[in-house]
2 protein chains.
Amino acid sequence: MKKNEFNKKLGMCICRIRLKKGLTQVDVSALLGNNPQNISRIERGLISPTLFWIFNFAKCLEIHPDEIFKELDE
Amino acid sequence: MKKNEFNKKLGMCICRIRLKKGLTQVDVSALLGNNPQNISRIERGLISPTLFWIFNFAKCLEIHPDEIFKELDE
DNA sequence: TAAAATATAACCGTATAAGGTTATACAAAA
DNA sequence: TTTTGTATAACCTTATACGGTTATATTTTA
């Protein structure tokens with residue numbers, strides 16, 4: 001799988017999880033301590049977040065990191 | 001958990017998995033198509049690889065990404 | 001011993017992740 | 001209509017991931 005394709009899939013997973021929690025991009029950025037523009041870029045697949053970012057995201061949203069990954073490897 | 005601590009834990013997991021497969025850093029870098037110095041930096045926790053890198057690593061070593069993560073969240 | 005394999009380290013570059021600011025678009029609600 | 005909330009976008013800057021090269025240290029092997 002190419003990097004662009006991977007980033008897009010990852011972004012959609014992030015977005016889906018965020019909406020399932022009823023949060024806005026601003027909400028998530030406040031929880032993580034960064035800016036909403038970055039969340040937007042991640043959800044649209046423009047950038048590929050580090051694993052450290054992913055783990056913080058999962059922790060702040062009170063989910064298991066597996067929830068993000070299990071939809072990515074097919 | 002701080003970023004440095006996280007990176008060190010992650011690096012140790014990567015290293016343990018690599019050794020379990022009987023591979024050198026050069027072997028892994030050849031499989032992934034990057035240089036061994038980068039593997040060394042990751043294993044020592046100096047840098048935090050992207051999730052894209054992690055998934056490629058897992059695929060090349062024929063393991064589930066979960067194997068890396070399940071030792072990280074405590 | 002000498003040579004090769006392995007890992008770490010110090011550089012110097014480039015690519016990209018990420019923050020900050022501002023503007024734009026659009027929908028929902030007043 | 002006007003206002004507000006939400007998301008996207010275009011910039012610029014800084015931090016960092018990553019490649020390439022070279023050197024060093026250590027272990028292993030011939």
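Reminder, nothing fancy here: chain letters follow the sequence lines and each chain counts from 1. Reckoned from all heavy atoms, side chains included, excluding hydrogens, waters and symmetry mates.
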Are E43(B) and R18(B) ion-paired here, with the side-chain N under 4.0 Å from a carboxylate O?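 Salt bridge between E43(B) and R18(B), a charged N being under 4.0 Å from a carboxylate O: yes.
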What do you reckon, is CD of E62(B) surrounded by more than 12 foreign heavy atoms closer than 6.0 Å?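 Check fails, neighbour count at 12 or below.
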Below 4.5 Å, heavy atoms only, C-beta onward: do Q25(B) and V28(B) meet side chain to side chain?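 Result no, sub-4.5 Å side-chain heavy-atom pair not found.
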Of the options N56(B), I42(B), N38(B), which is the one that meets P49(B) in a side-chain contact (heavy atoms from CB on, under 4.5 Å)?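 With P49(B) as partner, side-chain contact (heavy atoms from CB on, under 4.5 Å) holds for just one option, I42(B).
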Side-chain (K21(B)) to main-chain (L61(B)) donor-acceptor, under 3.5 angstrom: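 Such a contact is found between K21(B) side chain and L61(B) backbone.
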Would a hydrophobic clustering, with Ile, Leu, Val, Met, Phe, Trp and Tyr connected at side-chain separations under 4.5 Å, put L23(A) with L10(A)?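 Hydrophobic grouping puts L23(A) with L10(A).
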Are I14(B) and L31(B) in one and the same hydrophobic cluster, where Ile, Leu, Val, Met, Phe, Trp and Tyr link if side-chain heavy atoms are under 4.5 Å apart?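 Same hydrophobic cluster.
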Heavy-atom pair with the smallest gap, counting every atom of G22(A) and D27(A):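 Closest approach of G22(A) to D27(A), heavy atoms only: O-OD2, 4.4 Å.
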If I take atom NZ from residue K70(B) and atom NE2 from residue H64(A), how far apart are they, to the nearest 0.5 angstrom?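 If we round to the nearest 0.5 Å, K70(B):NZ and H64(A):NE2 are 14.5 Å apart.
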What is the distance from atom CD1 of I63(A) to atom CD1 of I17(A), rounded to the nearest 0.5 Å?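 These two atoms lie 4.0 Å from each other.
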Walk along nucleotides 24-30 of chain C from 5' to 3' and tag each nucleotide B, S or - by protein heavy-atom contact under 4.0 Å, base first, then sugar-phosphate. -------
With sugar-phosphate taken as primed atoms, P, OP1 and OP2 and all else as base, the protein-contact string of nucleotides 4-18 of chain C at under 4.0 Å (heavy atoms; B, S, -) is --SSBB-B-----SS
Using C1' atoms of five pairs at each end, report the bend of the helix from dT1(C)-dA30(D) to dA30(C)-dT1(D) rounded to 10 degrees.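 The end-segment axes of the helix from dT1(C)-dA30(D) to dA30(C)-dT1(D) are tilted 30° relative to each other.
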